[in-house]
Amino acid sequence: MNDRTSAAPPVLDVRDVTVRFAGLTALDGVSFTVTPGSVHALIGPNGAGKSTCFNVLSGLCRPESGSVTLGGAELTRLAPHRIAALGVARTFQNIVTTHGTVADNLMLGRHALSRAGFAASALRLPGARREQREHLARAREIAGLTGLGAHFDSPVALLSYGDRKRVELARALCLEPRVLLLDEPVAGMNAAERARTVEVVGEIRAELGLSVVLVEHDMGLVMRLADDVTVLDFGRPIAHGTPDEVRRDPEVLRAYLGTDAPREDAA
Ligand SMILES: Nc1ncnc2c1ncn2[C@@H]1O[C@H](COP(=O)(O)OP(=O)(O)OP(=O)(O)O)[C@@H](O)[C@H]1O
């Protein structure tokens, strides 16, 4: 789908990650690598461990064992804000912003990159003002990339659900991440909003050269966007491969049988 070279070292390397909650093993020796510039989907039936895996990648959950490295830096002992500062940004499945304007929300994302201190910004010192203007210009560009350009100064509460969910995506992009973790980016959207989001994710990947890790139940979207897929079942990785390879894998078909089988719904 893109011109990645297979020899490129992975941007994200997940090795043998195990997470247990009391007696339950939510992730059991999960390993996969994310190639630079690729979209890597994590799929699996409900309760398979996808959200837990995202929580490990973003620092919200510390694994019992295993490692996650980003370009060689070990992430599993770092706090979420340190992981974000190293270049891993995330969107959340159920969080849809309703406060402030689109610009306000994107500037929150830029805040973490601000060099000027809080006092300098509050006192409106010239250096801080210049930096603020640069951040605003970049936030406007990112709004354009995510299809929100026309809504930059609009209150988020007035936008459609699909646009509001894309504000969350744009806010994550404002961190200038190397790796973007997208947790069910089209959940709750109608067909038109889904199609628009597929388009936007494809465009930002191409434009920004990001690597994307995607958790998504919409198999149409996974098949369209993903270069690589890892399938989890009861916390175990049961298949890796291209979308075409995994959807024909007998283990994958068995895991989905009787649940939400990996059909290609309209995206
Ligand atoms: N904080 C927690 N405490 C106890 N058990 C948990 C916790 N978080 C997740 N689990 C359990 O770990 C397992 C994996 O859950 P997880 O939410 O990661 O699955 P999932 O693949 O994201 O599911 P879904 O598709 O339904 O969102 C489930 O059995 C879940 O009940």
Side-chain angles (χ1 to χ4, degrees), residues 1-4 11 34-43 50 54 87-98 101-103 105-106 109-110 137-154 156 158-230 242-244 246-247 260 262-267:
M1 279 180 83
N2 60 16
D3 56 0
R4 297 171 295 138
V11 62
V34 179
T35 314
S38 68
V39 176
H40 193 115
L42 274 181
I43 67 167
K50 306 176 295 291
F54 256 31
V88 180
R90 132 168 227 185
T91 65
F92 287 87
Q93 189 179 325
N94 296 316
I95 293 183
V96 178
T97 319
T98 50
T101 63
V102 171
N105 279 278
L106 301 205
R110 297 302 291 177
R138 182 63 178 147
R140 200 182 283 280
E141 269 172 26
I142 289 170
L145 274 176
T146 47
L148 295 166
H151 302 301
F152 193 61
D153 295 309
S154 307
V156 170
L158 298 184
L159 303 184
S160 68
Y161 175 79
D163 283 341
R164 266 186 281 150
K165 219 160 144 64
R166 264 185 285 114
V167 172
E168 175 67 7
L169 165 63
R171 187 198 47 73
L173 288 176
C174 278
L175 281 166
E176 307 290 354
R178 294 159 67 189
V179 176
L180 178 65
L181 308 177
L182 288 181
D183 197 354
E184 299 200 25
V186 300
M189 287 187 182
N190 63 33
E193 290 171 336
R194 282 168 187 240
R196 181 73 185 113
T197 300
V198 169
E199 212 173 72
V200 164
V201 174
E203 281 164 17
I204 56 169
R205 186 266 284 268
E207 183 83 18
L208 304 174
L210 293 169
S211 309
V212 177
V213 187
L214 173 73
V215 164
E216 186 48 69
H217 283 284
D218 181 332
M219 286 305 135
L221 182 141
V222 169
M223 296 300 156
R224 253 181 240 193
L225 273 180
D227 300 296
D228 306 299
V229 183
T230 295
T242 64
D244 252 354
V246 300
R247 80 171 144 191
D260 47 349
R263 302 178 292 115
E264 278 200 48
D265 298 330

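Hydrogens, waters and symmetry mates are skipped; everything else that's a heavy atom, side chains included, is used. When a residue number appears, it is its place in the shown sequence, counting from 1.
- Looking only at side-chain heavy atoms (C-beta outward), V212 and L225 stay at 4.5 Å or farther from each other.
- In this structure, the side chains of K50 and T230 stay at 4.5 Å or more apart for every pair of heavy atoms.
- Listed here is the closest heavy atom pair of P185 and T197: O-CG2, 4.2 Å.
- A distance of 6.5 Å separates CG in L145 from CZ in R138, rounded to the nearest 0.5 Å.
- A donor atom on one side chain and an acceptor atom on the other are not found under 3.5 Å apart for S211 and H40.
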- List the steps and the verdict of salt bridge (Lys or Arg N to Asp or Glu O under 4.0 Å) for E193 and R196. CA-CA 5 Å; E193 290 171 336; R196 181 73 185 113; over 6 Å; no
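- Within the 3.5 Å criterion, the main-chain N or O of V39 finds a donor-acceptor partner in the side chain of D227.
- In plain terms, the two heavy atoms of A139 and L106 that are nearest each other are O-CD1, 3.4 Å.
- With hydrogens and angles ignored, the 3.5 Å screen pairs no side-chain donor or acceptor of R90 with any backbone N or O of L181.
- Taking CZ of R224 as the start and CD of E199 as the end, the distance is 10.5 Å to the nearest 0.5 Å.
- Closest non-hydrogen pair, P243 versus V222, comes out as CG-O, 4.3 Å.
- Going from atom CG of D244 over to atom CE of M223 covers 7.5 Å, rounded to the nearest 0.5 Å.
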- Going through the distances and angles, do M219 and I43 end up as a side chain to side chain contact (heavy atoms under 4.5 Å, CB included)? CA-CA 9 Å; M219 286 305 135; I43 67 167; 3.8 Å; yes
- Query: Would L214 and V201 satisfy side chain to side chain contact (heavy atoms under 4.5 Å, CB included), going step by step from the backbone distance to the final call?
  - Reply: CA-CA 10 Å; L214 173 73; V201 174; over 6 Å; no
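- Between V186 and E216, the closest side-chain pair of non-hydrogen atoms falls below 4.5 Å.
- Contact record, A187 with Y161: O-OH, 2.9 Å, taken as the closest heavy-atom pair.
- Contact between R166 and T146 at its shortest, heavy atoms only, is NH1-O, 3.0 Å.
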- Message: Could you walk me through whether V102 and V167 satisfy the side chain to side chain contact (heavy atoms under 4.5 Å, CB included) test, starting with their C-alpha distance in whole Å, then the side-chain angles of each, then the deciding distance to 0.1 Å, before giving a yes or no?
- Response: CA-CA 7 Å; V102 171; V167 172; 4.1 Å; yes
- Step by step, would you call E168 with R171 a salt bridge (Lys or Arg N to Asp or Glu O under 4.0 Å)? CA-CA 5 Å; E168 175 67 7; R171 187 198 47 73; 3.0 Å; yes
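- Closest non-hydrogen pair, L182 versus L169, comes out as CD2-CD1, 3.6 Å.
- Distance check: R247 CZ to T242 OG1 gives 9.0 Å after rounding to the nearest 0.5 Å.
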